[in-house]
Asks: 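Structure incoming, see below.
What you see is a predicted model, and the numbers here were worked out from it, not measured in a lab.
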Amino acid sequence: MGKTIIVTGGAGFIGSNFVFHMLENHQDDRIVCLDKLTYAGNLSTLAPVMENPNFRFVKLDICDREGVNQLFEEEHPDIVVNFAAESHVDRSIENPQVFLETNIIGTSVLMDACRKYGIERYHQVSTDEVYGDLPLDRPDLFFSEQTPIHTSSPYSSSKAGADLLVLAYHRTYGLPVTVSRCSNNYGPYHFPEKLIPLMIINALNDQPLPVYGEGLNVRDWLYVEDHCRAIDLIIHRGTVGEVYNVGGHNEMRNIDIVKLICKALNKPESLITHVADRKGHDMRYAIDPTKIHNELGWLPETKFADGIQKTIDWYLNHEDWWQPIISGEYQRYYERMYGNRAE
Ligand code: NAD
Ligand code: DAU
């Protein structure tokens, strides 16, 4: 018999890609998407699956204990995958409070419901940012699951707090949990506040491309579908109580990504504008994915050259998705963040 899987944050970037992945690859399962629809959640993303009989969308805040309990009573989920989060580092620097509420309190509300109603698996979608950063001059160093938690931003601290709570619920209450810590994702439906979609959209509009500092910071980029496959494997075959790092050994400097986007869109590099650096900016992230490879056979399948071209093509062909997003509230955010940011 198929399982009922609650996917929180399924109207966001990775959550929506995961909803599509699950409906396609597990056709006996029922996917219940719970999402508050913050500025980052977009119901139009889920339009292609709204009529699917194996899919249900519920507008709900993961901090709403009563609402979450009621949903568990209605759906009796077998598995919960928690993507719901405030996810943007720059916004967390501007205002940490909502990060603590959603990312920490929201996680505890979900896990309390799992304890109350019983669950086969609770999976926490976490981030490599909980490990802090690595120095640029030590390319031999990588984050393993044993790397100490050492956070830099309110965002990463809130995610680390949630991780610790998830592992504590396992040890204290025996809740069957798993945690994945993934590197930077890219692909379709990525919200335009993040580096890659922001640069693609600004370049298309012949707008300045705001690179923080010198652009030498390194991120380890993974195509979103590869992340979704990793979570699928972990919830089905991963060991309860374990943390799995997910990343593709694909380290790139920000400036090189921006130049690559200019080249792919045939735009001049003179659009690149160096702006004031992010406060507390992490230098380098790099994941060692040996554990998930050895235990679950996971490997990334999409090469960066292919993934970035697919992503650029997607933004070229889906202006109807991003154009409404970048008007209105996003304009005010952009003005706040970049309006007065000369180096
Ligand atoms: P996103 O910001 O695109 O989407 C977040 C979604 O969560 C949105 O649909 C939003 O409406 C929803 N949400 C926010 N607060 C909520 C609340 N209180 N209740 C219910 N729903 C709420 O984020 P994303 O980039 O898709 O990231 C998803 C998860 O993956 C996050 O937990 C993030 O920390 C983690 N992660 C992201 C990356 C990355 O590169 N984007 C990498 C590793 C881990
Ligand atoms: O590593 C996983 C994390 O990756 C996730 O946990 C976060 O949710 C996700 O947002 C992402 O965090 P980053 O801070 O690495 O992503 P962002 O796209 O914001 O920035 C990537 C790099 O690009 C970072 O070094 C800052 C830089 N940057 C970003 C923006 C938005 C710029 O230079 N200019 C910009 O305008």
Asks: For K310, is there an ion pair with D313 - N to carboxylate O distance below 4.0 angstrom?
Replies: no
Asks: Do we see a donor-acceptor contact under 3.5 Å between the side chains of S153 and K279?
Replies: no
Asks: Could you go through the side-chain contact (heavy atoms from CB on, under 4.5 Å) check for I93 and R278 one step at a time?
Replies: CA-CA 9 Å; I93 294 167; R278 174 184 279 173; 3.7 Å; yes
Asks: With R341 as the cation and Y212 as the aromatic partner, state whether NZ or CZ is under 6.0 Å from the six-membered ring centre and within 45° of the axis.
Replies: yes
Asks: Can you check side-chain hydrogen bond (donor to acceptor under 3.5 Å, both in side chains) on H274 and E214, steps first, answer last?
Replies: CA-CA 7 Å; H274 291 272; E214 291 183 68; over 6 Å; no
Asks: Does any N or O in the side chain of N217 come within less than 3.5 Å of the main-chain N or O of D282, such that one atom is a donor and the other an acceptor?
Replies: yes
Asks: Which class fits the ring pair H190 and F13: parallel under 30°, tilted 30 to 60°, perpendicular over 60°?
Replies: parallel
Asks: Strictly by modelled atom types, are Q331 and E335 linked by a side-chain donor-acceptor pair under 3.5 Å?
Replies: no
Asks: Could you list the residues that satisfy side chain to side chain donor-acceptor pair (under 3.5 Å) with Q207, not counting sequence neighbours?
Replies: none
Asks: Less than 4.0 angstrom from a charged side-chain N to a carboxylate O is my criterion; do E120 and K3 meet it?
Replies: yes
Asks: Is the closest basic N to carboxylate O distance between K263 and E269 below 4.0 Å?
Replies: no
Asks: Under 3.5 Å, is there a donor-acceptor pair between the side chain of Q27 and the main chain of E24?
Replies: yes
Asks: Salt bridge check, R181 against E145: does any charged N sit closer than 4.0 Å to a carboxylate O?
Replies: no
Asks: Check this for me, if you would: do E129 and R219 make a salt bridge, where the nitrogen-to-carboxylate-oxygen distance has to be below 4.0 angstrom?
Replies: no
Asks: Under a 3.5 Å distance rule, please check whether D232 uses its side chain to pair with a backbone N or O of C228 as donor and acceptor.
Replies: no
Asks: Indicate, with yes or no, if the rings of Y189 and W314 have centres closer together than 6.0 Å.
Replies: yes
Asks: Going only through I, L, V, M, F, W and Y residues with side-chain contacts under 4.5 Å, is there a path from L34 to I79?
Replies: no
Asks: Is it true that a side-chain atom of D78 and a backbone atom of T4 form a donor plus acceptor pair closer than 3.5 Å?
Replies: yes
Asks: Centroid-to-centroid, Y285 to Y131, below 6.0 Å?
Replies: no
Asks: Quick one: do the E66 and Q70 side chains pair a donor with an acceptor below 3.5 Å?
Replies: no
Asks: Under 6.0 Å between ring centres: does that hold for F142 and H249?
Replies: yes
Asks: So, Y39 versus Y333, ring centres under 6.0 angstrom or not?
Replies: no
Asks: Is E193 salt-bridged to R91, cutoff N-O under 4.0 Å?
Replies: yes
Asks: Run through the side-chain heavy atoms of Ile, Leu, Val, Met, Phe, Trp and Tyr, join any pair under 4.5 Å, and report what else lands in L164's cluster.
Replies: none
Asks: When you measure from the side chain of Y244 to the backbone of T239, do you find a donor-acceptor pair of N or O atoms at a distance under 3.5 Å?
Replies: yes
Asks: How would you list, by chain and number, every residue that makes a side chain to side chain donor-acceptor pair (under 3.5 Å) with D35, sequence neighbours excluded?
Replies: none
Asks: Relative to the ring of Y330, is the ring of Y334 parallel (under 30°), tilted (30 to 60°) or perpendicular (over 60°)?
Replies: tilted
Asks: Tell me whether F72 is reachable from V81 by hopping between hydrophobic residues (I, L, V, M, F, W, Y) whose side-chain heavy atoms are closer than 4.5 Å.
Replies: no
Asks: Salt-bridge test for R253 and D256: reply yes if a basic N is under 4.0 Å from a carboxylate O, no otherwise.
Replies: yes
Asks: Do the charged groups of K36 and D61 touch, with an N to O distance under 4.0 Å?
Replies: yes
Asks: Does one side chain, of D128 or S183, offer a donor that lies under 3.5 Å from an acceptor on the other?
Replies: no
